[in-house]
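Worksheet: one structure, shown below.
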Amino acid sequence: MDLYLYFWTAFGLVIGSFLNVCIYRLPRHESIVFPGSHCPNCGNAVRPYDNIPVLSYLVLRGKCRFCRQPISLQYPLVELLAGISFYACAMTWGLTPPAFVNSLFLAVIIVLIFTDYHHQILPDVLTLPGALLGLVLSPFQSQEFFRDSLSYNLASLVSLSHADTVLPWVSSLVGALIGGGMLFLVAMAYQALRKRQGLGMGDVKMMAMVGAFLGWRLALLTIFAGSLLGSIAGIILILFGGRTLQTKLAFGTFLGVAAAAALFWGNSMIQWYTAG
């Protein structure tokens, strides 16, 4: 393994520790900077040598050093997910700007997956700046996400002589509008028909962010795959979990999983489908 892969994976593990802070504090409207890491049970500050990703959890056997209360398995899980995500980005795109852009994208997605799972909240402080970041960073994103006929034609309308230059910006904006707009229309239609809210605006803003990073085709694929995953989970919960059709699921969690899958395999799936 190349040295940069070790470094970027280790950096991902460290970022994962920070993501745990975000997952815990953002829904509670607490600062993610102050105070420092501390046990949520006894309040004692976590010592630096007890804050080593994954390893500290194993050494402490999953318990706080002071009060001996269990530490959620989610903490090492999030750290591992972040490390694996960063590793996968470095393996896919090498030491190039798309690897950094998509590592950032996946870090935000991980926080959204877990906050929505626990609290059914997709914080605006992540989704709205995330959509803006996707637009700003689009020139540094892998252009395989943006080179489709719709995006290129729109970019050509903006600048006939420099279509390739404006393509990332246009594609990212179109992705945000289609990704968020599609869910917005579904939410409005559901509310008009059922006279109650079915989708939260957090899902709409999240999909605007996904579209800004990945373009409109992968945003639509994310919506389809996330809906499929949610439907399968709902059926399983009804059959084996005693839930009903009225049970509300954390749709953002399924969208997040689908977005991560679309990042790595979405274009291949689209090419396979259109070729067939």
Side-chain angles (χ1 to χ4, degrees), residues 1-9 11-12 15 19 81-113 126-127 129-156 158-159 162-180 182 206-226 255-275:
M1 186 189 292
D2 293 331
L3 183 61
Y4 77 88
L5 282 175
Y6 285 112
F7 170 78
W8 198 240
T9 302
F11 184 61
I15 292 297
L19 299 185
L81 282 175
I84 292 170
S85 297
F86 278 48
Y87 170 81
C89 287
M91 279 292 293
T92 303
W93 291 285
L95 197 63
T96 63
F100 307 140
V101 171
N102 290 315
S103 294
L104 172 63
F105 172 69
L106 288 176
V108 177
I109 287 293
I110 289 171
V111 177
L112 292 174
I113 285 173
L126 290 176
T127 55
L132 180 60
L133 267 178
L135 179 62
V136 171
L137 296 176
S138 59
F140 306 100
Q141 175 61 290
S142 175
Q143 297 307 293
E144 65 176 332
F145 297 138
F146 298 146
R147 290 194 177 279
D148 57 86
S149 57
L150 172 62
S151 299
Y152 193 84
N153 289 337
L154 290 173
S156 298
V158 176
S159 176
H162 301 288
D164 287 330
T165 302
V166 300
L167 178 62
W169 306 93
V170 172
S171 300
S172 179
L173 180 59
V174 170
L177 292 174
I178 292 180
M182 180 64 70
M206 177 180 178
M207 282 312 306
M209 184 194 78
V210 172
F213 272 95
L214 303 185
W216 68 272
R217 295 184 305 168
L218 294 187
L220 293 182
L221 179 61
T222 296
I223 293 173
F224 171 77
L255 289 176
V257 173
L263 172 66
F264 294 106
W265 302 296
N267 276 325
S268 297
M269 292 178 63
I270 290 174
Q271 290 172 4
W272 168 80
Y273 180 78
T274 54

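None of these values were measured; they are calculated from a predicted model.
Remark: Ala82 pairs with Leu19, Ile110 by the side chain to side chain contact (heavy atoms under 4.5 Å, CB included) rule, at least two apart or across chains. Not counting sequence neighbours, the partners of Glu144 by the side-chain hydrogen bond (donor to acceptor under 3.5 Å, both in side chains) test are Ser142. Taking the side chain to side chain contact (heavy atoms under 4.5 Å, CB included) definition, one finds that Ser172 meets it with Leu135, Ser138, Phe146, Ala212, sequence neighbours left out. The ring pair (Phe, Tyr, Trp, His ring centres under 6.0 Å) search around Phe105 returns Phe213, not counting sequence neighbours. Residues forming a side chain to side chain contact (heavy atoms under 4.5 Å, CB included) with Tyr152 (at least two apart in sequence, or on another chain): Ser156, Ala163, Asp164, Leu167. The side chain to side chain contact (heavy atoms under 4.5 Å, CB included) search around Ile113 returns Ile109, Thr253, Val257, not counting sequence neighbours.
The CZ atom of Arg147 sits 11.5 Å away from the CZ atom of Arg217 when rounded to the nearest 0.5 Å. Between the OG1 atom of Thr127 and the CG atom of Leu132 there is a distance of 11.5 Å, given to the nearest 0.5 Å. Atoms CE and CZ, on Met182 and Phe224 in that order, are 13.0 Å from each other to the nearest 0.5 Å. Here the CZ-CG distance, from Phe264 to Leu106, works out to 5.0 Å after rounding to the nearest 0.5 Å. Atom CE of Met207 sits about 5.0 Å away from atom OG1 of Thr222, to the nearest 0.5 Å.
A side-chain contact (heavy atoms from CB on, under 4.5 Å) with Leu154 is found for exactly one of Val174, Leu173, Val166, namely Val174.
Looking at heavy atoms from C-beta onward, Leu218 lies in side-chain contact with Ile270 at the 4.5 angstrom threshold.
Nearest heavy-atom pair across Ala219 and Gly175 is CB-O, 4.4 Å. Looking at every heavy atom in both residues, Trp169 comes nearest to Pro139 through CZ2-CG, 3.3 Å.
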Only distances under 3.5 Å count here; give the side-chain donor-acceptor pairs of residues 92-102 to other protein atoms, sequence neighbours excluded, each with its distance to 0.1 Å.
unit_1	atom_1	unit_2	atom_2	d
Thr92	OG1	Ala88	O	2.7
Thr96	OG1	Trp93	O	2.5
Asn102	OD1	Gln141	NE2	2.8
Asn102	ND2	Pro98	O	3.0
Asn102	ND2	Gln141	OE1	3.0

Evaluate Ser171 against Phe145 for side-chain contact (heavy atoms from CB on, under 4.5 Å), listing each step before the verdict.
CA-CA 9 Å; Ser171 300; Phe145 297 138; over 6 Å; no
side-chain contact (heavy atoms from CB on, under 4.5 Å) between Val210 and Leu255: does it pass, once the steps are laid out?
CA-CA 9 Å; Val210 172; Leu255 289 176; over 6 Å; no
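Between the side chain of Asp148 and the backbone N or O of Leu150 there is at least one donor-acceptor pair closer than 3.5 Å.
Heavy atoms from other residues, nucleotides or ligands lying under 6.0 Å from CZ of Phe140 number 12 at most.
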